[in-house]
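The residues of the chain are indexed from 1 along the displayed sequence. When reading the values below, keep in mind they use all heavy atoms of this one structure, side chains included, and skip hydrogens, waters and symmetry mates. This structure is a prediction, so every number in the text was calculated from the model and none was measured.
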Amino acid sequence: MSRRFLVAKCSDIPQGQGRSFEVNDRIVAIFHVGDQFYAIDDACPHMGASLSVGELDGCVVTCPLHAWRFDVSNGTWCDNPRVSTDSFPLTVEGAELFIDMDE
């Protein structure tokens, strides 16, 4: 069953950057790209590095450890679309960000 969690205020995540937040015992990276926000698992599936601190270029974040690149809009690894990290539905309501996540 899915549940909605309040994660942050939109102003907590500067344009063109990511931040990590604990949500339901998971660490989630939220990225602010243009006027959109995206949420993926913060841990790179390769070696577990934090994706939220990686360099963001448009919708692509580069893992700071081994330069794996992920599309933040869906979690797909840019070099092999068969590999991905979890992505989460994110809703903006007013100035707040909510994630829907399985309990």
Side-chain angles (χ1 to χ4, degrees):
M1 170 173 271
S2 184
R3 183 172 152 205
R4 178 167 282 194
F5 296 89
L6 172 62
V7 179
K9 294 182 179 180
C10 295
S11 60
D12 292 337
I13 307 158
Q15 171 67 251
Q17 294 185 28
R19 295 288 187 268
S20 64
F21 300 90
E22 184 174 345
V23 181
N24 197 29
D25 296 326
R26 292 186 73 168
I27 304 298
V28 175
I30 299 180
F31 297 93
H32 187 175
V33 180
D35 60 352
Q36 300 291 314
F37 291 88
Y38 301 102
I40 63 174
D41 193 310
D42 189 43
C44 177
H46 177 226
M47 295 288 290
S50 173
L51 293 173
S52 65
V53 298
E55 184 176 329
L56 187 63
D57 183 13
C59 279
V60 175
V61 64
T62 301
C63 177
L65 194 57
H66 293 110
W68 283 32
R69 300 173 310 122
F70 294 89
D71 184 332
V72 299
S73 70
N74 59 21
T76 302
W77 182 28
C78 295
D79 296 326
N80 182 349
R82 293 179 295 176
V83 176
S84 65
T85 189
D86 290 338
S87 64
F88 305 97
L90 185 70
T91 305
V92 178
E93 292 182 7
E96 297 176 319
L97 298 167
F98 293 86
I99 287 180
D100 292 327
M101 184 182 289
D102 290 337
E103 291 189 90

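In terms of heavy-atom proximity, Ala39 sits nearest to Ile30 at CB-CG1, 4.2 Å. The minimum heavy-atom distance linking Ala43 with Thr85 is given by the pair O-OG1, 3.7 Å. Summarising the geometry of Ile27 relative to Ser20, their closest heavy-atom pair is CG2-CB, 3.9 Å, with the distance given to 0.1 Å. Scanning all heavy atoms of the two residues, the minimum distance from Gly75 to Ser87 falls at N-CB, 4.2 Å.
For the pair Val72 and Leu56, the minimum side-chain heavy-atom distance is below 4.5 Å. No side-chain heavy atom of Cys44 sits under 4.5 Å from any side-chain heavy atom of Leu65. The shortest distance between side-chain heavy atoms of Pro14 and Arg19 falls below 4.5 Å.
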Discussion item. Could you walk me through whether Ser52 and Phe21 satisfy the side-chain contact (heavy atoms from CB on, under 4.5 Å) test, starting with their C-alpha distance in whole Å, then the side-chain angles of each, then the deciding distance to 0.1 Å, before giving a yes or no?
Written reply: CA-CA 9 Å; Ser52 65; Phe21 300 90; over 6 Å; no

Discussion item. Walk me through whether Asp100 and Ser2 qualify under side-chain hydrogen bond (donor to acceptor under 3.5 Å, both in side chains).
Written reply: CA-CA 6 Å; Asp100 292 327; Ser2 184; 4.8 Å; no

Discussion item. Let's go through Asp57 and Thr62 carefully: what are the C-alpha distance in whole Å and the side-chain angles of both, what is the deciding distance for side-chain contact (heavy atoms from CB on, under 4.5 Å) to 0.1 Å, and is it a yes or a no?
Written reply: CA-CA 8 Å; Asp57 183 13; Thr62 301; over 6 Å; no

Practice prompt. Evaluate side-chain contact (heavy atoms from CB on, under 4.5 Å) for Val7 paired with Val28, printing each intermediate quantity in order.
Written response: CA-CA 9 Å; Val7 179; Val28 175; over 6 Å; no

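Rounding to the nearest 0.5 Å places CG of Asp12 at 9.0 Å from CZ of Phe37. The distance from atom OH of Tyr38 to atom CD1 of Ile13, rounded to the nearest 0.5 Å, is 13.0 Å. Distance CD1/Ile40 to CG/Leu51: 5.0 Å, rounded to 0.5 Å. Separating the CG atom in Leu90 from the CZ atom in Phe98 is a distance of 10.0 Å, to the nearest 0.5 Å. With rounding to the nearest 0.5 Å, the separation of CG in Leu97 from CZ in Phe5 is 15.0 Å. With rounding to the nearest 0.5 Å, the separation of SG in Cys78 from CH2 in Trp68 is 12.0 Å.
Judged by distance alone, with hydrogens and angles left aside, the side-chain atoms of Asn24 form a donor-acceptor pair with the main-chain N or O of Asp102 at under 3.5 Å. The closest donor-acceptor contact from the side chain of Gln15 to the backbone of Gly34 lies under 3.5 Å.
Under 3.5 Å, the side chains of Ser50 and Asp42 contain a donor-acceptor pair of N or O atoms.
Note: the hydrophobic cluster containing Val92 also contains Met101 (ILVMFWY, side chain heavy atoms under 4.5 Å, direct or indirect links).
For Glu96, the CD atom counts as densely surrounded, since its 6.0 Å shell holds more than 12 non-hydrogen atoms of other residues, nucleotides or ligands.
Between His46 and His66, the ring planes lie perpendicular to each other; the angle is over 60°, past the 30° to 60° tilted range.
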